Amino acid sequence: MEEEGSQQPQLVLAEKLFLLRQPVQDIDKVRYKEDVFTHIKENEMVPLYETLVADSVLDLDRALLDFMRAKIEDELTKLDEKIADAEENLGESEVREAHLAKSLFFIRIMDKEKALEHLKITETKTVAVGQKMDLVFYTLQLGFFDMDFDLVSKSIDKAKNLFEEGGDWERKNRLKVYEGLYCMSTRNFKKAAKLFLDSISTFTTCELFPYDTFIFYTVLTSIISLDRVSLKQKVVDAPEILTVIGKIPYLSEFLNSLYDCQYKSFFSAFAGLTEQIKLDRYLHPHFRYYMREVRTVVYSQFLESYKSVTIEAMAKAFGVTEDFIDVELSRFIAAGKLHCKIDKVEGVLETNRPDAKNALYQATIKQGDFLLNRIQKLSRVIDL
């Protein structure tokens, strides 16, 4: 399907299809369109071609469509002959390989329905847990192609059940990256960060994305998920991250300026990263949410050092206007994201961080009330 150590071609295609639909420069749009068309033509991707023509993304070339259909028919005839020959003359292993070849063919032409159907048939011919896991990885790649998160979620659960029967560490580590990508794509950034960090020294999942992209996702998810101590130990000082982070524009400054409390530099790097985040197909749906979460982290970190601070001083620290800070913080305070209040007369921010013991006490009271209500309901049922 793909060369070892390279990204799965269909996932590269999915990125270009995503970018083709984004407000990018015309020259880039032309290039993406050419790349998509070339990939479809080289791999006889008739189902996808028909969809893109219907969506007016590509123009219909009737001769090309007929040519691709004829090639698919010819290839399927050969694959079916190999399956028949293996079933009649060869062993179980050869029968499985023949069925797998047909499954991979349907993946190559992006006929998702038939690919899933034949992966199931191949599974019935498969005994080894490792080989069954490989079939699940193919299914996961199909799910990530068109963001079918229901298929991805079910496949991850299936893989975990398979691991209860056995399975090697290399595949278990690969599954963590798949699950991390699923969590990040469904806005569970905290779990995504944990899974990515667990996989950082054993990463071999290049079929999903290159290592640089993996580090990009790891840093972004960690910044809004970890406390300062954990961020320092697991990310800022991590050798695996240090070797790569400089290759990714703005990322090193983004991470280190946050940890070093260099807020003006942080905002500058943050602005530089926004386009990368917005044009990432997994992060794009969560762009606004992520931007809010990052600002919550950085504002909270700044305010933690003070009982009170002037709006002027905070604006100066971030390299923005006082009006910007006023409007920005008012939104975050109203949403319950920041524990402070603004004294507009004095031009001062006063922090009112909740006391930890008091918060625990309130939570205990709340849980106690809930438990009493459940007991009362239960007693009424028993009395009946």
Side-chain angles (χ1 to χ4, degrees), residues 176-177 179-201 203 208-305 314 317-320 325 328-329 331-332 335-339 353:
K176 283 183 182 179
V177 180
E179 188 178 3
L181 181 58
Y182 166 71
C183 290
M184 186 184 78
S185 303
T186 53
R187 205 176 281 186
N188 188 347
F189 289 111
K190 191 164 190 174
K191 190 172 181 183
K194 183 183 183 310
L195 288 162
F196 287 154
L197 287 166
D198 284 351
S199 314
I200 205 161
S201 60
F203 179 85
L208 280 184
F209 36 64
Y211 189 60
D212 290 10
T213 304
F214 172 66
I215 294 299
F216 178 66
Y217 292 153
T218 303
V219 172
L220 290 188
T221 54
S222 297
I223 274 179
I224 61 169
S225 305
L226 303 182
D227 58 56
R228 271 179 64 78
V229 175
S230 300
L231 191 69
K232 174 74 169 166
Q233 290 173 346
K234 297 179 179 179
V235 183
V236 175
D237 291 341
E240 297 88 352
I241 290 175
L242 287 169
T243 57
V244 173
I245 197 168
K247 299 176 189 176
I248 304 162
Y250 303 105
L251 193 61
S252 178
E253 190 182 358
F254 182 64
L255 172 64
N256 291 300
S257 58
L258 173 67
Y259 185 77
D260 296 333
C261 306
Q262 302 294 321
Y263 300 113
K264 198 181 289 188
S265 298
F266 176 82
F267 256 33
S268 172
F270 188 32
L273 273 176
T274 53
E275 201 66 10
Q276 289 182 61
I277 297 168
K278 198 186 290 185
L279 293 179
D280 183 281
R281 76 187 191 100
Y282 300 110
L283 290 169
H284 176 82
H286 317 294
F287 174 71
R288 290 183 182 278
Y289 173 84
Y290 185 80
M291 303 299 269
R292 282 196 303 271
E293 289 302 298
V294 168
R295 277 149 44 216
T296 301
V297 168
V298 72
Y299 294 148
S300 298
Q301 179 175 290
F302 177 85
L303 292 168
E304 209 166 294
S305 307
M314 186 169 181
F318 282 88
V320 294
I325 288 291
E328 185 86 329
L329 294 194
R331 277 201 215 108
F332 282 84
K337 293 280 191 180
L338 293 176
H339 301 290
R353 288 186 294 279

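Computation of the quantities below employed the complete heavy-atom set of this structure, encompassing side-chain atoms and omitting hydrogens, waters and symmetry-equivalent molecules. From a predicted model like this one, the values you see are computed outputs, not experimental measurements. Quick note: residue numbers are just sequence positions, from 1.
Residue Arg187 holds its CZ atom at 9.0 Å from CD of Glu293, rounded to the nearest 0.5 Å. Expressed to the nearest 0.5 Å, how far CZ of Arg295 lies from CZ of Arg331 amounts to 7.0 Å. Note: Leu273 CG to Met291 CE = 8.5 Å, rounded to the nearest 0.5 Å. The CG atom of Leu283 sits 9.0 Å away from the OG1 atom of Thr221 when rounded to the nearest 0.5 Å. With rounding to the nearest 0.5 angstrom, the CD atom of Gln301 is 9.0 Å from the OH atom of Tyr259. Atoms CD and CZ, from Glu179 and Phe196 in turn, are 10.0 Å apart once rounded to the nearest 0.5 Å.
Across all their heavy atoms, Glu253 and Ser265 have their closest contact at OE2-O, 3.4 Å. In plain terms, the two heavy atoms of Gly180 and Ala192 that are nearest each other are O-CB, 3.4 Å. Closest approach of Leu208 to Leu181, counting heavy atoms only: CD1-CD2, 4.0 Å. Closest of all the heavy-atom pairs between Lys176 and Ser199 is CB-OG, 3.4 Å. Across Ser225 and Lys190, no two heavy atoms sit closer than the pair OG-CA, 3.4 Å. For the residue pair Leu303 and Met314, the shortest heavy atom distance occurs at CD2-SD, 4.2 Å.
With Phe267 as reference, Phe318 is the one residue of Tyr250, Phe302, Phe318, Phe254 to meet the ring-ring contact (aromatic ring centres under 6.0 Å, His included) rule. Partner Tyr299 forms a ring-ring contact (aromatic ring centres under 6.0 Å, His included) with one of Phe332, Tyr263, Phe266 and no other, that one being Phe332.
With a 4.5 Å cut-off on side-chain heavy atoms, Ile200 and Phe214 count as touching. Taking the side chain as every heavy atom from C-beta outward, Leu220 and Leu251 approach each other to under 4.5 Å. Counting heavy atoms from C-beta outward, Phe203 and Glu240 have side chains that stay 4.5 Å or more apart. Gln262 places none of its side-chain heavy atoms less than 4.5 Å from the side chain of Ser268.
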(request) Give the intermediate values and the outcome of side-chain contact (heavy atoms from CB on, under 4.5 Å) for residues Ile248 and Gln276. (result) CA-CA 10 Å; Ile248 304 162; Gln276 289 182 61; 3.9 Å; yes
(request) Kindly indicate, with the supporting measurements, whether the criterion side-chain contact (heavy atoms from CB on, under 4.5 Å) is fulfilled by Phe287 and Leu279. (result) CA-CA 9 Å; Phe287 174 71; Leu279 293 179; over 6 Å; no
(message) Please determine whether side-chain contact (heavy atoms from CB on, under 4.5 Å) holds for the pair Leu255 and Leu231, giving the CA-CA distance in whole Å, both sets of side-chain angles, and the decisive distance to 0.1 Å.
(response) CA-CA 9 Å; Leu255 172 64; Leu231 191 69; 4.2 Å; yes
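Aromatic pair Phe209/Phe216: centroids not less than 6.0 angstrom apart.
Remark: Arg292 pairs with no residue by the salt bridge (Lys or Arg N to Asp or Glu O under 4.0 Å) rule, at least two apart or across chains. The side chain to side chain donor-acceptor pair (under 3.5 Å) check on Asp280 picks up Tyr217, with sequence neighbours excluded.
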